[in-house]
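The block underneath contains the structure these notes are about, expressed in structure tokens.
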Amino acid sequence: MNIGVVVFPGSNCDHDCEYVFKAVLGQDVTMVWHKETSVAGLDAVILPGGFSYGDYLRTGAIARFSPVMHAVKGFAFEGGLVLGICNGFQILLEAGLLPGVMLRNKSLHFICQDIFVRVENGATPFTSACRPGQVLKIPIAHADGSYYTDPVTLAGLQANAQVIFRYCDAEGRVTPEANPNGSLDNIAGIRNAQGNVLGMMPHPERCAESVLGNEDGQLILASMVEFLKKRLPKMVGA
Amino acid sequence: MKAKIHVTLKQGILDPQGKAIEHALDSLGFKKTTNVRVGKYMELDLDQTDRAKAEAEVKAMCEKLLANTIIEEYRFELQ
Amino acid sequence: MKAKIHVTLKQGILDPQGKAIEHALDSLGFKKTTNVRVGKYMELDLDQTDRAKAEAEVKAMCEKLLANTIIEEYRFELQ
Amino acid sequence: MPLITKDLIAQHNLTGDEYQKIIAILGREPNLTELGMFSVMWSEHCSYKSSRIHLKKLPTTGPRVVQGPGENAGAVDIGEGLCVVFKMESHNHPSFIEPYQGAATGVGGILRDVFTMGARPIALLDSLRFGELSAAKNRHLMKGVVAGIAGYGNCMGVPTVGGEIVFNDIYSQNPLVNVFCLGIAEKDKIFRGTAAGVGNPVIYFGSKTGRDGIHGATMASDSFDDESEQKRPTVQVGDPFQEKLLLEACLELMAGDLLVGIQDMGAAGLTSSSCEMASRAGNGIELDLTHVPRREPGMTPYELMLSESQERMLMVAKAGKEEECIAICRKWDLDVAVVGTVTGDGILRVKDQGKVVAEIPAKALADDGPRYDRPYMPPSYQDMLTNLNYDIIPDVKDANAALLSLLESPTIASKRWVYQQYDHMVRTNTTVRPGSDAAVVRIKGTNKAVAMTVDCNSRYCLLHPYEGARIAVAEAARNLACAGAEPIGLTDCLNFGNPERPDIMWQFVMAVEGIKDACEFLRVPVVSGNVSFYNETNGLSIYPTPMLGMVGLIEQADQATTQWFKAEADDIILLGTAREDLGGSEYLKVVHAREQGSPPFLNMDAEQALQECVLALIRGGLVQSAHDCSDGGLAVALAESCMSGPGRPMGAVVKLAPGRLRKDAVLFGESQSRVVLSTKPAHRQAILDRAERLGVPAAVIGVVGGDRLVVSLGNEQVAATVIDIPATALYDRWAFAIERTLKNE
Ligand SMILES: Nc1ncnc2c1ncn2[C@@H]1O[C@H](COP(=O)(O)OP(=O)(O)O)[C@@H](O)[C@H]1O
Ligand SMILES: [Mg+2]
């Protein structure tokens with residue numbers, strides 16, 4: 001597979017994503033400069049975490065106008081797999097590829113720690129390796145991760161099983177105490193209606209190796225690779 | 001021409017920053033302060049003498065970039 | 001009484017946000033925009049009918065909490 | 001040109017003699033711009049005029065040293081063609097004036113020092129000192145500083161993996177903000193700040209120049225009084241986004257064959273970067289200020305040469321490569337301009353609009369500043385501090401209560417509230433996160449990892465600067481050993497009061513001697529450092545605080561060890577010996593409100609044996625956890641081992657033989673050279689044998705398990721339980737103490 005990792009000015013998890021797909025999952029990775037106007041030839045696109053454009057004004061607000069985002073939209077529209085992690089999720093929201101906005105964490109602080117999420121939908125290209133309801137331990141690191149949307153949109157997300165991850169405790173209970181940032185409905189990750197675009201605040205690339213003490217993140221990234229292999233049978237083994 | 005732009009949260013959208021400030025004011029002894037809301041204020045210079053054009057331009061800036069109209073509203077003056 | 005408070009960076013203090021926004025506006029095609037400066041705008045309600053007292057109070061809030069007077073200046077209106 | 005008056009000279013913090021020296025160098029009176037340039041370069045901050053003759057004594061060489069002091073940062077070989085590049089810096093005064101921006105720009109500065117060497121920064125640590133949190137002002141300072149470090153480091157994508165914070169009212173008027181940064185580079189691709197090659201272009205890139213922080217360097221070399229808070233010099237504002245672009249641009253520039261030398265514009269901005277690069281190469285530089293990108297109109301040469309605007313760099317390119325350099329800078333949206341050329345005459349010549357506005361031998365600015373051998377003498381009160389009659393201090397009655405108060409004293413309490421605000425995982429290298437004796441980051445592409453720690457017990461240093469400094473070195477190395485790392489290099493950040501006072505100078509000289517002796521003994525080279533003098537307000541000086549940042553190497557990343565207990569039924573073994581070391585302890589301060597006595601006794605042979613032993617045991621795979629005893633002594637170390645891990649707090653049952661020692665000395669004394677290990681019972685004997693062979697006292701003192709920490713004192717026959725607390729209660733006190741204090745607003 002050829003996984004594209006977009007590099008915006010201020011991206012800082014770009015190398016981490018590159019490393020995990022290459023060194024851990026053995027895939028090819030192409031770094032895509034934000035001024036590129038095409039993502040042709042890529043099997044999936046990752047919008048990595050970081051502080052694109054310093055997160056000035058609003059997180060993701062300026063990055064969405066990068067030339068590459070036009071191509072990413074086209075790619076998503078044609079069914080290409082797009083994963084936005086943290087800042088990447090924020091960019092997807094600002095770009096309108098996913099509905100809603102990110103508000104400041106309720107503590108108003110940046111939070112870096114392990115949290116738990118429950119896999120609410122295991123039948124997606126991003127979660128097929130997980131059991132439905134499986135609890136993943138996975139780190140977050142953000143200041144603006146409190147997901148918000150209007151009630152109608154929220155109802156739609158719920159009805160279409162578009163809420164993929166919810167913050168929960170170690171036993172999988174979705175409680176207010178397990179919500180680290182005040183996110184609506186404990187939302188940690190959502191996908192679009194077609195199902196090929198996922199945004200998530202937690203960082204799977206930070207917990208995909210035993211030396212880091214946690215491999216839960218691999219389930220998500222490996223799901224993507226598996227999905228792509230099945231979708232592109234002619235490329236397998238090529 | 002100079003544009004002065006206010007971007008504020010829409011009514012009903014939670015404003016954790018405003019809340020925190022209210023709380024802090026309270027503990028500083030300003031007990032009677034309520035409904036603190038925090039927004040953004042921006043100033044910029046436009047090299048544009050036609051008022052109508054300037055107006056259209058600033059509106060476009062706000063819609064596209066300066067405000068996220070899902071949660072924010074904006075208003076501006078030109079001088 | 002309602003207070004409307006503007007907190008802005010002092011002259012000469014670097015405004016990284018303003019700079020980034022200016023750059024973004026430029027690449028969005030708003031080429032003639034310059035001197036973008038970003039500040040804060042706050043509204044709050046005061047349970048105080050005496051104008052002079054309210055004025056003194058808001059001034060104190062700004063000095064103590066709302067503005068960082070080392071790099072920011074503030075102004076406010078009461079309504 | 002204004003006449004140079006006595007007042008003007010004084011305002012520039014230059015003495016009459018120094019001014020005469022300037023005249024002698026120039027053969028004429030300086031103009032205002034030149035006076036300003038001399039003033040910043042000859043400030044204490046830039047010239048090290050009071051410290052240099054003493055710093056020279058530090059050991060700076062060793063088989064691994066790639067770059068010692070004198071460059072932007074030190075570099076140490078870690079094998080496989082790689083080296084680590086590291087340094088620590090203070091930003092104390094700016095952080096007191098504006099905590100957020102002061103701390104943020106401190107992070108920005110140290111990051112630039114590291115990546116200007118061609119290294120990619122991979123870890124930050126912060127070492128902070130504030131007054132007690134009972135005062136609102138101190139809470140405000142701490143919140144601002146922590147937010148500033150987070151704001152800058154997080155945005156840069158460099159993890160802040162550890163640090164330390166100590167609270168003491170002596171720092172109320174003079175908090176300390178020291179930041180350590182470590183980067184990784186290929187050993188033969190280290191860049192240096194040199195302006196070699198006459199005719200090579202000098203290129204400015206990064207942010208535009210504004211009127212920020214003019215005279216920051218002289219400010220950092222000045223004491224505070226009540227008016228300083230009012231003075232409000234133009235505060236430097238950091239732009240981490242710009243710095244991130246600068247970082248990527250630098251690494252891209254360095255990957256090509258384009259550069260001769262490069263240096264960041266730190267304190268004293270354009271002046272220091274140009275004259276230091278020129279001086280190192282024995283060359284001159286001719287600058288034309290007309291081309292310097294600027295943020296504000298009407299800036300004078302004086303302002304341009306002295307501005308401390310952040311996120312700026314100066315590079316000397318190979319002739320003919322300027323277009324390539326400029327293209328890379330443009331790619332990263334940076335301002336860039338050719339502002340000068342390297343010359344062969346050794347002169348830093350500054351032109352503006354065709355006119356020469358300054359002309360000074362570069363070496364005179366950078367290296368020929370004044371040197372002082374300032375008088376030093378122990379203060380008259382020193383004996384009063386150390387003489388403590390322990391008979392008047394009653395032994396502990398309620399050890400449970402004493403332990404709990406220690407655990408919730410902010411100096412010992414968990415720093416979770418702080419490090420949760422720091423992204424400590426970005427770059428996916430952090431294998432031991434904040435919360436253990438040392439932080440560990442693995443080095444991708446190898447099996448190796450490096451461990452880092454920052455340490456200094458400034459109360460020990462107050463009571464005995466020489467012993468205190470030796471202990472700081474020993475503790476840093478011990479923290480590394482507990483992580484399974486062998487120390488390979490040290491950086492320091494020496495925070496002291498006014499060096500013109502003989503008592504302060506004495507503290508400084510003694511501390512440097514202490515660092516020297518300990519480093520020589522342990523064979524740890526000092527490869528970089530920083531001195532911050534004049535940390536005093538209204539004549540009250542901080543405790544001497546020679547902060548140390550030590551780096552260790554772990555050959556097998558998966559052998560990195562943490563401090564917390566891992567499993568029920570593991571044996572707990574104590575290495576080392578307890579003595580009656582209550583002097584200067586956290587216990588005396590917290591429980592008896594005394595900061596007195598002699599610091600703990602340190603025997604370097606015993607320390608070295610202990611560290612070798614711990615390392616050997618860890619490398620032999622015999623150890624489950626290792627934690628050194630420091631603040632709060634054995635009882636606190638045991639409690640921390642029970643509850644500092646990521647899982648549920650665990651219990652332990654421990655029995656200690658006090659011998660003739662006081663109870664409080666056994667529990668809370670801070671005897672050096674001690675480590676608490678836990679191990680699978682199967683390895684118990686191997687550990688005891690190994691320790692015996694290495695001459696390290698070792699005793700099985702208990703077992704992990706249950707849900708309480710129970711400690712009893714006695715001999716084989718009779719023992720009395722002195723501590724018995726549920727592990728969760730320990731945890732609640734310790735984990736949330738700082739949060740609780742801050743929430744009281
Ligand atoms: N300012 C800080 N920033 C990040 N981590 C910190 C900070 N202060 C303390 N820590 C972390 O908390 C843990 C305990 O610190 P400390 O008690 O100073 O350790 P030690 O006594 O072993 O040197 C360490 O892992 C340290 O890195
Ligand atoms: Mg320790």
Side-chain angles (χ1 to χ4, degrees), chain B residues 1-11 15 17-50 53-68 72-79, chain C residues 1-11 15 17-50 53-68 72-79:
Chain B
M1 213 172 277
K2 187 174 217 72
K4 299 185 166 185
I5 306 165
H6 289 83
V7 177
T8 48
L9 282 174
K10 285 183 180 166
Q11 270 309 327
D15 179 5
Q17 223 183 329
K19 265 220 179 121
I21 291 177
E22 196 167 317
H23 187 80
L25 285 173
D26 191 81
S27 59
L28 280 176
F30 302 102
K31 301 275 172 209
K32 302 183 207 157
T33 321
T34 48
N35 294 326
V36 182
R37 305 282 288 174
V38 183
K40 283 179 213 134
Y41 171 68
M42 289 173 261
E43 290 185 357
L44 49 85
D45 291 340
L46 273 178
D47 184 14
Q48 175 65 271
T49 44
D50 182 322
K53 278 194 193 147
E55 197 130 338
E57 226 164 88
V58 176
K59 186 165 189 306
M61 291 179 198
C62 289
E63 290 281 338
K64 274 194 164 173
L65 178 69
L66 303 181
N68 182 334
E72 294 170 329
E73 52 200 14
Y74 63 89
R75 61 193 157 81
F76 62 87
E77 306 136 40
L78 293 172
Q79 272 172 4
Chain C
M1 212 173 277
K2 192 174 211 71
K4 300 186 166 185
I5 305 164
H6 288 84
V7 177
T8 50
L9 283 172
K10 285 183 183 168
Q11 268 307 329
D15 180 2
Q17 253 205 111
K19 211 171 65 180
I21 294 172
E22 190 169 320
H23 193 82
L25 286 172
D26 188 85
S27 53
L28 279 176
F30 301 103
K31 299 277 173 208
K32 298 179 201 159
T33 323
T34 48
N35 294 325
V36 181
R37 304 281 286 176
V38 182
K40 271 180 250 153
Y41 171 68
M42 287 170 269
E43 291 184 357
L44 50 85
D45 291 342
L46 271 179
D47 185 13
Q48 175 65 268
T49 44
D50 182 322
K53 277 194 193 149
E55 195 131 338
E57 226 164 87
V58 176
K59 185 166 188 303
M61 292 179 196
C62 288
E63 291 281 339
K64 280 195 174 164
L65 182 72
L66 303 182
N68 177 352
E72 294 170 331
E73 54 200 10
Y74 62 90
R75 63 194 154 82
F76 61 88
E77 305 136 41
L78 293 173
Q79 272 172 4

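Throughout, protein chains are lettered first and strands after them, A, B, ... in sequence-line order, and every chain is numbered starting at 1.
- Highest contact tally toward chain B, considering only C:V58, C:L65, C:D45, is held by C:D45 [criterion: heavy-atom pairs under 4.5 Å].
- Crowding of C:K59 atom NZ: a count of heavy atoms from other residues, nucleotides or ligands under 6.0 Å not exceeding 12.
- One finds the CE atom of C:M42 at 8.5 Å from the CD atom of B:Q17 (value rounded to the nearest 0.5 Å).
- Counting heavy atoms of neighbouring residues, nucleotides and ligands inside a 6.0 Å radius, atom NZ of C:K4 exceeds 12 of them.
- Within the 4.5 angstrom heavy-atom criterion, no atom of B:I5 approaches chain C.
- Rounded to the nearest 0.5 angstrom, C:R37 CZ and B:K2 NZ are separated by 10.0 Å.
- For the atom pair C:E43 CD and B:H6 NE2, the distance stands at 8.5 Å (nearest 0.5 Å).
- B:Y41 and C:R75 make their closest contact through OH-NH2, 3.3 Å (heavy atoms, listed as atom of the first residue, atom of the second, distance).
- At least one side-chain heavy atom of B:L44 sits under 4.5 Å from a side-chain heavy atom of C:L25.
- In this structure, the side chains of C:D47 and B:T34 stay at 4.5 Å or more apart for every pair of heavy atoms.
- When side chains are defined from C-beta on, B:T33 counts as touching C:L46, because their heavy atoms get closer than 4.5 Å.
- Looking at C:A3, neither its backbone nor its side chain comes within 4.5 Å of chain B, counting heavy atoms on both sides.
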